Amino acid sequence: MEKEKLIHLLNRIGEMLEILGENPFKSRSYYNGARIIEGITEDLKKITEEKRWNEYKGIGEGLAQKISEYIETGQIGYYDELHEKVPDEILEMLNIPGLGPKKISVLVKELEITSIRRLERACRENKLVGIKGFGEKTQENILKGIEYLKKTSDRHLFAVGLANAERLIDYLKKEKSVEKIEVAGSIRRRKETVKDIDILVQTREPGKVSKLFIEYPEVTEVIAHGPTKSSIRLKDGLNADLRVIKKDEFPFALHYFTGSKEHNIAMRSRSKDFGLKLNEYGLFTGNEEKIQCKSEEEIFRKLKLSYIPPELRENFGELDAAEKNKIPVLIEENDLKGIVHVHSTYSDGLNTIEEMAEQCLSLGYSYIVFCDHSKAAFYANGLNEERVLKQFEEIDKLNKKFKEKKFKIFKGIESDILPDGRLDFEDEFLDKFDLVVGSVHSSFKLSEEEMTARAIKAINNPFLTVLGHPTGRLLLSRDAYKINLESVIEAAGKQNVLIEINSNPHRLDLDWRYCRLAKDNGVKLMICPDAHATKGIADVKYGIGIARKGWLTEKDVMNTLPINEFEKFLKEHKKERLKK
DNA sequence: GCCGTTTTCGGCCCGACTGTTTTCAGTCG
């Protein structure tokens, strides 16, 4: 996607400027610009043509010029200029933990080290020791950092981060002196991928807890161990930080370490406007007097803001909304009343229809919609017409059994969207389903225009209910296919087609950054586990996190409807769409 | 490079930990 490349170039410019020893605030402007672009869901070309970059705070003349240049020519001259001086191999060294731009700059100048490979060799030959600012310990740490890099990528799926955090917290709770323990950071904000785990502890025995922490059985390395902060590396490849917090500082620390960094900067800057200073220890007046706050809510209140849930703290407009008391009541896990889009043994699932339904029932849901793969998905044992009808028979039979439990199984399908945008069943047959999810599972390499047209054609099919995983991305392993989501969302709004928030931890697709755009276009969403086994049904909790990050409420998501209303909704929705 | 109802120049969030240093720079979050 061209937007991704722009974000990449801006970030790279920031990094190159750091290595060249430029004004750090200049690099920050570029990083900040990249982030702003990331949050924009509008068409960048349109903004450029209409010369509206000045509407975006943080993008000034310089950045606007470079972004426009990129949109018009596909490149940025300034980037190429810097890139002559700082090749990619040097920049890659920034990924080594503990090694930053200053040290890299020295290494390049003193030892002509211009790649990780050369750096590793120089360390092994003991060449770093003796250079000003370097010593044995630094050399050792760089080697360790290189090893770490080879072993792991620096980001991890949210689900992996959360599971590790929960295990670690359970372990630390064994220490009786722990009065309060919370996970902060990107896990608390429910980011789709996370870098590390931040844990805050309030205790009478800081030493004991820190010791317990570094003795955690899953530790592979202790990176730091101080009186208030310790840092470890876990066998799953991610780092965990522990911070010991005093009781009256806990809310401030919780807010501070939850971030995001950008949200914090905005909050500090707002504090300044009130003549106050905010840091992880407290909120202070001009004469260093502490303003007491017992909770995060109070901190926000003192700054004349309503409470901002952690998921929204990305500096994407939450301070403005909180100031105007316009933070929405976000959807919660128990708002979901039914499970939509699961697979069974009929296609590529591991459990039978009955097992999946029983699982839903035991989790307290009152309906389930099966959407097994359709006939074009032969790799996933997709169903042809005949097998669909057989599945219908079984569902009808089971529904008799479930009736007394006020639970219902609905008949759905995950129909492949063919490369030309048709669904892989005839209309008359699609009409037999209660709900049709349409998904792209093939020909990922189409051009953006072709892929966008493909999705929109599917949306125009009156039998489509929900557009499934709209970008096809697999987090940390496969990029989204090229598609103009803005146009797709607009089309879905016009045609009254729902969009899925696929809750599989590898997908989390629709991305939270686009949820608000969907909402603004009148698009309703469906939070789906895309479960292939009973265990996968609980994945909807990840989808809830994404929906919350996307500012969505109970009303924006249709499987929050109780069973009777949901059934009515499906019928009326189909009728409405056929009328159009 | 960005920003401004004190400002078009001079700020830009701020503290912990580490390692190499005798008082601090670099890195990280």
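Remember, predicted model here, so these are calculated numbers, not experimental data. Just so it is clear, the values below take in all heavy atoms, side chains as well, and ignore hydrogens, waters and symmetry mates. Residue numbering restarts at 1 for every chain, and letters A, B, ... go by the order of the sequence lines.
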Open item on the list: Taking any heavy-atom pair under 4.0 Å as a contact, classify A/Lys261: base, sugar-phosphate, or nothing.
Closed with: base
Which of B/dG29, B/dC12, B/dG19 is nearest the side chain of A/Asn23? It is B/dC12
Taking B/dC13, B/dG19, B/dG1 as options, the one with an atom nearest any side-chain atom of A/Tyr78 is B/dG1
Worksheet item: Can A/Glu296 and A/Arg313 be counted as an ion pair, charged N to O under 4.0 angstrom?
Response: yes
### Query
Checking all strands, does A/Lys26 fall into the base, sugar-phosphate, or nothing category for heavy-atom contacts under 4.0 angstrom?
base
Rounded to whole Å, CZ of A/Phe252 lies from C1' of B/dG29 at a distance of 20 Å
Here the distance between atom P of B/dA16 and atom CD1 of A/Ile245, to the nearest Å, is 11 Å
dist A/Tyr542:OH -> A/Arg190:CZ (nearest 0.5 Å) comes out at 8.5 Å
Rounded to whole Å, CD1 of A/Ile104 lies from P of B/dA25 at a distance of 20 Å
Of A/Asn279 and A/Leu94, the one whose nearest nucleotide on DNA chain B sits closer to the 5' end is A/Asn279
Anything under 30° is parallel, anything over 60° is perpendicular, the rest tilted; go ahead and classify A/Tyr79 against A/His83.
parallel
Comparing A/Thr138 with A/Glu280, nearest DNA chain B nucleotide closer to 5' gives the residue A/Glu280
Quick note, A/Leu63 side chain, CB onward, closest among B/dC2, B/dC17, B/dG29 is B/dC2
Note: A/Arg513-A/Glu192 ion pair, threshold 4.0 Å (strictly below): yes
Between CG of A/Leu128 and P of B/dG19 the distance, given in whole Å, is 15 Å
B/dC12 and B/dC17, which share atom name C1', separated by this distance in whole Å: 24 Å
